[in-house]
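Each remark here refers to the structure printed beneath this line.
Chain identifiers are assigned alphabetically (A, B, ...) following the order of the sequence lines, protein sequences preceding nucleic acid strands; residue numbering begins at 1 within each chain. Since this is a predicted model, take the numbers as computed values, not measurements.
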There are 2 protein chains.
Amino acid sequence: MQKSNTKISMAVIRRLPKYRRYLEELLDKGINRISSRELSKIIGFTASQIRQDLNNFGGFGQQGYGYNVAALYEEIGKILGLDNVYNTIIIGAGNLGQAIANYTNFEKAGFIPKAMFDINPRLIGLKIRDIEIMDADNIEEYIKENNIDIGIICTDKEHAQDVADKLIKSNIKGIWNFAPTDLNVPEHIMLENVHLSESLYTLSFLLKHNREQEDV
Amino acid sequence: MQKSNTKISMAVIRRLPKYRRYLEELLDKGINRISSRELSKIIGFTASQIRQDLNNFGGFGQQGYGYNVAALYEEIGKILGLDNVYNTIIIGAGNLGQAIANYTNFEKAGFIPKAMFDINPRLIGLKIRDIEIMDADNIEEYIKENNIDIGIICTDKEHAQDVADKLIKSNIKGIWNFAPTDLNVPEHIMLENVHLSESLYTLSFLLKHNREQEDV
DNA sequence: TAGATTGTTAATCGATTAACAATC
DNA sequence: TAGATTGTTAATCGATTAACAATC
């Protein structure tokens with residue numbers, strides 16, 4: 001669907017989930033048609049930007065009419081790969097790992113937690129929902145035997161690179177990293193970081209300088 | 001410290017925590033001097049960008065020498081407001097709220113969780129570490145009586161705006177929002193969102209299109 | 001002092017916005 | 001058909017990179 005050769009910028013990619021979220025809300029309200037101008041008012045991007053963004057992936061609108069909400073929602077889901085199912089494992093079964101294991105919305109979107117791993121013998125063998133916490137020694141074996149796509153790193157920063165190395169060796173496809181460190185990962189493995197403290201420190205900056213963000 | 005009138009872009013602000021993190025690592029290694037060129041190699045920004053970024057806030061370097069690691073680390077901490085102490089409350093005492101309450105690194109950086117709130121009677125009265133889970137009906141009263149600076153919203157999306165409204169009424173200074181929705185907040189209240197599903201969907205896009213990120 | 005490296009200005013690059021012809 | 005709104009090109013704006021004089 002993406003136009004030939006054009007390289008989509010990360011700025012555009014990171015806006016896509018937000019489009020999808022607002023389109024879902026419109027769907028829930030039973031609205032089945034929207035113009036870039038109307039969408040602009042509720043989502044806060046300019047109408048021009050909305051049209052530019054969407055046209056990176058094809059002409060989803062119709063002149064004189066606007067966009068079909070259901071169709072556009074569906075298309076953006078496909079662009080994001082949410083029509084796929086991904087098998088995931090969570091490494092680090094502390095509070096954060098458990099929070100993610102319990103968060104069923106990810107599962108609804110196709111990200112299935114198959115197992116959790118920890119080094120703490122007190123946690124090994126427990127289950128979160130129906131997801132077993134296993135010994136971290138078995139990560140590589142488990143990935144290979146169970147077709148795991150994504151590894152979610154919820155360890156402390158000291159263990160994160162070791163875990164990442166195991167994931168890499170086992171031919172994982174992507175890593176979602178919550179450890180407060182930057183991981184070394186080969187180019188063919190996709191990496192997305194969630195650096196919570198960087199987000200908190202940004203809020204701290206804004207508080208200190210009493211400045212609202214211009215963008216979301 | 002910030003130069004008069006110049007408005008610092010969010011892009012710069014969001015890089016500051018990363019500078020601080022790498023400088024901390026250098027400190028731990030006992031390195032007390034670094035040039036923009038050397039820092040560039042380990043942090044991955046261009047040397048030019050590093051110098052530009054830092055010069056938004058003043059001349060911290062010395063020609064022919066570079067930057068003093070300890071001093072720069074300290075300065076960036078101050079710029080981020082990490083020399084302050086913030087009182088926080090966590091609203092929503094589910095797994096995510098508990099994970100944040102248990103994450104002592106935030107406390108070390110000056111963000112003190114004073115109380116948690118929930119509407120679930122089974123949770124009310126429990127303690128996470130020494131942080132009590134209280135009835136969400138008491139949020140407004142508690143904020144006013146305890147000098148709370150930051151509200152951390154860990155509820156589901158259905159309750160998030162209601163909670164935000166209570167925080168706003170109680171003159172909170174900042175909101176750190178983990179609920180998967182955009183909040184309506186007046187301009188004088190600082191808002192920082194952590195939209196986990198947007199991050200996960202971005203990873204999904206990268207997997208589908210097998211593309212590494214050019215940045216971070 | 002000579003060499004190194006900053007601070008800062010200028011050039012480039014990329015992303016956003018504006019404008020409008022195409023067309024439903 | 002006339003009006004509305006897209007898709008797309010051109011203009012603008014902002015952020016990044018390059019270059020180099022200042023200076024430690």
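- The CZ-C1' distance, from A:F45 to C:dA18, rounds to 19 Å in whole Å.
- Summary of the strand contacts: B:R33 and A:R15 both lie near DNA chain C, and taking for each the nucleotide with the nearest heavy atom, the more 5' one is attributed to B:R33.
- The partner of C:dC13 is D:dG14, judged by Watson-Crick or G-U wobble contacts that both fall below 3.5 Å.
- On a pure distance criterion of 3.5 Å, a polar donor-acceptor pair joins the side chain of A:Q52 and the base of D:dT9.
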Starting at the 5' end of nucleotides 19-24 of chain C, put B wherever the base has a protein heavy atom under 4.0 Å, S where only the sugar-phosphate does, and a dash everywhere else. BB-BBB
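- Of the two residues near DNA chain C, A:Q49 and B:A47, the one whose nearest nucleotide lies more 5' is B:A47.
- One interatomic measurement links the two molecules: CG of B:D53 to C1' of D:dA15, which rounds to 10 Å at whole-angstrom precision.
- No side-chain N or O of A:Y65 forms a donor-acceptor pair with one of A:R33 less than 3.5 Å apart.
- Cation-pi geometry between B:R15 and B:F45 is satisfied (NZ or CZ under 6.0 Å from the ring centre, within 45° of the ring normal).
- In this structure, CG of A:L72 is placed 11 Å from P of D:dT6, rounded to the nearest angstrom.
- Here B:K157 does not pair with B:D182 in a salt bridge; the nearest charged N to carboxylate O distance is not below 4.0 Å.
- Using a cutoff of 4.0 Å between basic side-chain nitrogens and carboxylate oxygens, A:R129 and A:E107 are scored as salt-bridged.
- When the side-chain nitrogen and oxygen atoms of A:T46 are compared with OP1 and OP2 of C:dT17, one or more of them lie within a distance under 4.0 Å.
- Looking at B:N102 and A:N95, their side chains do bring a donor and an acceptor atom within 3.5 Å of each other.
- Under the Watson-Crick or G-U wobble criterion, with both distances below 3.5 Å, C:dA22 is paired with D:dT5.
- A:L39 has its CG atom 10 Å from the P atom of D:dT6, to the nearest Å.
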